[in-house]
There are 2 protein chains.
Amino acid sequence: MHITGDQHLVKKINKSIVLETIKKKSPLSRSQISELTGLHKGTVSSLINELIEEDLVFEIGHGLSSGGRRPVMLLFNQEAGYAIGVNLGVNFILVILTNLQGEVIDEKTTYFEQTSLDVVIPMLIEAIQAMIARAPKTTYGIIGIGIGVPGVLDDKGTILLAPNLGWENVDLHRILTDAFQIPVTIENEANAGAIGEKEFGFGKEDANLIFVSVGIGIGTGILLNGEIYRGASGFSGEMGHFVIETNGKKCKCGSKGCWELYASENALIEQARQFLVDESGDQTLDINTLVAMADSGSARVIHLFNQIGEYIGIGISNIINMFNPELIVIGNRLAVAEKWIKNPIMRIVEQSTFPFIRRQLRISFASPATDSIALGAAYTATKSFFSNTKVWVD
Amino acid sequence: MHITGDQHLVKKINKSIVLETIKKKSPLSRSQISELTGLHKGTVSSLINELIEEDLVFEIGHGLSSGGRRPVMLLFNQEAGYAIGVNLGVNFILVILTNLQGEVIDEKTTYFEQTSLDVVIPMLIEAIQAMIARAPKTTYGIIGIGIGVPGVLDDKGTILLAPNLGWENVDLHRILTDAFQIPVTIENEANAGAIGEKEFGFGKEDANLIFVSVGIGIGTGILLNGEIYRGASGFSGEMGHFVIETNGKKCKCGSKGCWELYASENALIEQARQFLVDESGDQTLDINTLVAMADSGSARVIHLFNQIGEYIGIGISNIINMFNPELIVIGNRLAVAEKWIKNPIMRIVEQSTFPFIRRQLRISFASPATDSIALGAAYTATKSFFSNTKVWVD
DNA sequence: AAACTTTGTTGATCGATTGTATAAATGGGA
DNA sequence: TCCCATTTATACAATCGATCAACAAAGTTT
């Protein structure tokens, strides 16, 4: 069975084009939409009236005349419904509430120490529950819940493996659907980050964007031709296990010389521990501590960041040469060390990539203020809402 | 301006679905097509009649009854037109003539030694001209010319750089369009190979397929979600310049330790030359000679193939971990050494890739009998014919 | 031979875009 | 102030393509 064409499909396509246009360029008049999209005036009129009926668009009043009748300006009704977005981390749960435009209305972070299912799942449900309770009443209510998870998923939303949480075969989709009776979408953390950056971050104009999540390990969210690339078994993006040293250290994945052995938060802390025992006692080492030490001038720590940065740069160079993307965003924990790792990364990238590829390329660090993973997760929920129930074709 | 929907689009979609169904599963009756596609009987009838009118489909006679009126069986008219496919190599021009189904009707190889434009372009034009002259007369005649080129192209069919031919900024599209007044499509060699394997080779069922062209250098054709991936500047697939040894040999690309320094035909021959001067005089070394020597038991050559195979395996492992493809096809010159490099490649891949990724993965060598590059090139011409003038939406 | 099945066509209907005419609102100029 | 061109938006008929239903054609089964 194929997706065959009929008038309903045509209408869905055009309605989605009209709504997208309003979302991106409002305020707009009907006639401007007609010109921008190439659709006939009458078509636009009737579609707009349906969208107003559905409370997704509203009239804001008259605009300025350009020599004739004054246009009626239209706005997207961002507040017709809200979406929940969750970044499920290794020691925290970040829940955000966004409107249909992806603007953050509310947010709350909860921390945990034990990662066992019995502890985390109830906390997760409670956190979402609390956020739903705080959401204002709207036409469509909570239209969906999107979650970003640090692990490998199948296409039905089961977590096959989340090594840093110690989870295996957790049917999170079922658990949350049962708990809330609301559509749930689950996405890998790095993929969600890529989506977030594409929709709300630095990558709005880019069709090819790669989100490099440098945390305990390294994961990558690959967005090609505007869509997440998943591979044959939903398991692409395991770039942490690139071989960058043919005869390097042994990795638990079975290979040798894997990238994340040299360039992750784990690598950083492990190496720091070797010389910091004497330098500063047995304090708990984490990345924020190390950044603080570098800021206050510790040469050894600065040198360590430099080294880690170079290794990150090697992997990123491989990514660049392979994917020739428009944008690379470095996110997750190590992004806070931007100040200390940016230069070595850039230096290596300039050495190891083609000039004509670099010309189309930008590299940036995810802003610590906005959580692109939670934003991306919320966006998947919104998108699913539109494609399943209302407009949108994809 | 977007691609908006109207009835013409609907018809194009459905007509293309009907034709594709016939191409893939003929002989078929109208009613079977209706069931397979989900389209209404009447719709199928009218579309089929148009296709018959256009000479793209014909009735072959009655099929067997299944308890009622006997069906009229339909066939795709593969011979309604022919396409030219060209593999422009570093020392040869292979021209093939295919029907609309991609079956090779005729083929001819011409060899050349000087790669200067003045020599090669006239030869190319003459070779194509000769093939066109030999083609039988059909309804649509020669519907297009497709060319696979070992170099970097822009989106208008200009060769920006073909290092092994010594060409730069050659507007091949214009040259050939002027010469033949027929639609011309130009594609990178490795991309054409990927398309050929997808349509006619081992990859028919696969959406994610990577063609690794191991010749003088290493190029890759990346087919994701059923489409060639080109990257931001049409320049992805430069995987020959992966870094696999962080402190390895210097490469002319400016980096160090690039894959193709260790795993290409160049690497093979260079290393062979070092010890073969004394072993067999100053014969001209090429890959066929080396394969022959291995076949007759030269331990050193066998060991060399083993080593090159292992390095190929390392790069392929990286590709696998990154793309998680269904299929990898190893093509171009080194494919003839399958017997000697297959095992080391496989051994390394098994060591360096995840088991769950391998489960969905096949690795094969391009068959030397069929040239997937020329086939893929011819297919791009056929596809362009259908999408521009007749049915097909993409 | 009658009844049922399968295949394929034909004409009516539906639904969506488009084209044309028209109405409404406005600015510019005589 | 009045008239007209212009811009905006709607209304209604025309058109095109898919679907639906009825029917004809050609079998098979009982």
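Letters A, B, ... mirror the listed sequences (proteins, then strands); counts begin at 1.
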### Message
Whether the side chain of D154(B) engages the backbone of K156(B) through a donor-acceptor N/O pair (distance < 3.5 Å, no angle test) should be reported.
### Response
yes
### Message
I need the residues from residues 24-32 of chain A with at least one non-hydrogen atom less than 4.0 Å from DNA chain D; give them sorted by number, or say none.
### Response
S29(A), R30(A), S31(A)
### Query
Looking only at side-chain N and O atoms, does N14(B) come under 4.0 Å of OP1 or OP2 in dA18(D)?
yes
### Query
Can you check whether Y229(A) and F323(A) have ring centres sitting under 6.0 Å from each other?
no
#### Entry: Minimum side-chain heavy-atom gap V57(A)-I22(A) below 4.5 Å
yes
## Note on the structure
Angle separating the five-pair end axes of the helix from dA1(C)-dT30(D) to dA30(C)-dT1(D), nearest 10°, is 20°
### Message
If I take atom CD1 in residue I52(B) and atom C1' in nucleotide dG8(C), what distance separates them, rounded to the nearest angstrom?
### Response
12 Å
### Query
Taking for each residue the nucleotide of DNA chain C with the nearest heavy atom, is it R69(A) or S46(A) whose nucleotide lies nearer the 5' end?
S46(A)
#### Entry: Donor-acceptor pair under 3.5 Å, Q7(A) side chain vs dG15(C) base
yes
### Task
Mind running side-chain hydrogen bond (donor to acceptor under 3.5 Å, both in side chains) on T380(A) and E187(A) for me, showing each step along the way?
CA-CA 8 Å; T380(A) 61; E187(A) 186 58 88; over 6 Å; no
### Query
What integer distance in Å separates L9(B):CG from dT18(C):P?
11 Å
### Message
Whole angstroms only, please: what is the CG-C1' distance between L39(B) and dT19(D)?
### Response
11 Å
### Message
Is R70(B) close enough to dA26(D) that one of its side-chain N or O atoms is under 4.0 Å from OP1 or OP2 there?
### Response
no
### Query
Any donor-acceptor pair under 3.5 Å joining the side chain of H8(A) to the base of dG15(C)?
no
### Message
Nearest heavy atom decides the nucleotide; on that basis, is M73(A) or G5(A) closer to the 5' end of DNA chain D?
### Response
M73(A)
### Query
Is a salt bridge present between K25(B) and E20(B), judged by a nitrogen-to-oxygen distance below 4.0 Å?
no
### Query
So what does V44(A) touch, heavy atoms closer than 4.0 Å: a base, only the sugar-phosphate, or nothing?
nothing
### Task
Could you tell me whether the side chain of K11(B) has a donor or acceptor atom within less than 3.5 Å of a complementary atom in the base of dG17(D)?
no
### Query
Using a cut-off of 4.0 Å on non-hydrogen atoms, how would the nucleic acid contact of T43(B) be classed: base, sugar-phosphate, or nothing?
base
### Message
Is a donor from one side chain sitting under 3.5 angstrom from an acceptor on the other, for T138(A) and E79(A)?
### Response
no
### Message
Strictly distance-based, threshold 3.5 Å: is any side-chain N or O of Q78(B) a donor or acceptor partner for the main-chain N or O of N99(B)?
### Response
no
### Query
How long is the line joining NE2 of H40(A) and P of dG15(C), in whole Å?
20 Å
### Message
So that I know where these two stand, are Y140(B) and F385(B) an aromatic pair - ring centroids less than 6.0 Å apart?
### Response
yes
### Query
In whole Å, what is the span from the NZ atom of K41(B) to the P atom of dT9(C)?
10 Å
### dT6(C) OP1/OP2 closer than 4.0 Å to side-chain N/O of S65(B)
no
#### Entry: Distance-only side-chain donor-acceptor flag, N14(B) / T4(A), under 3.5 Å
no
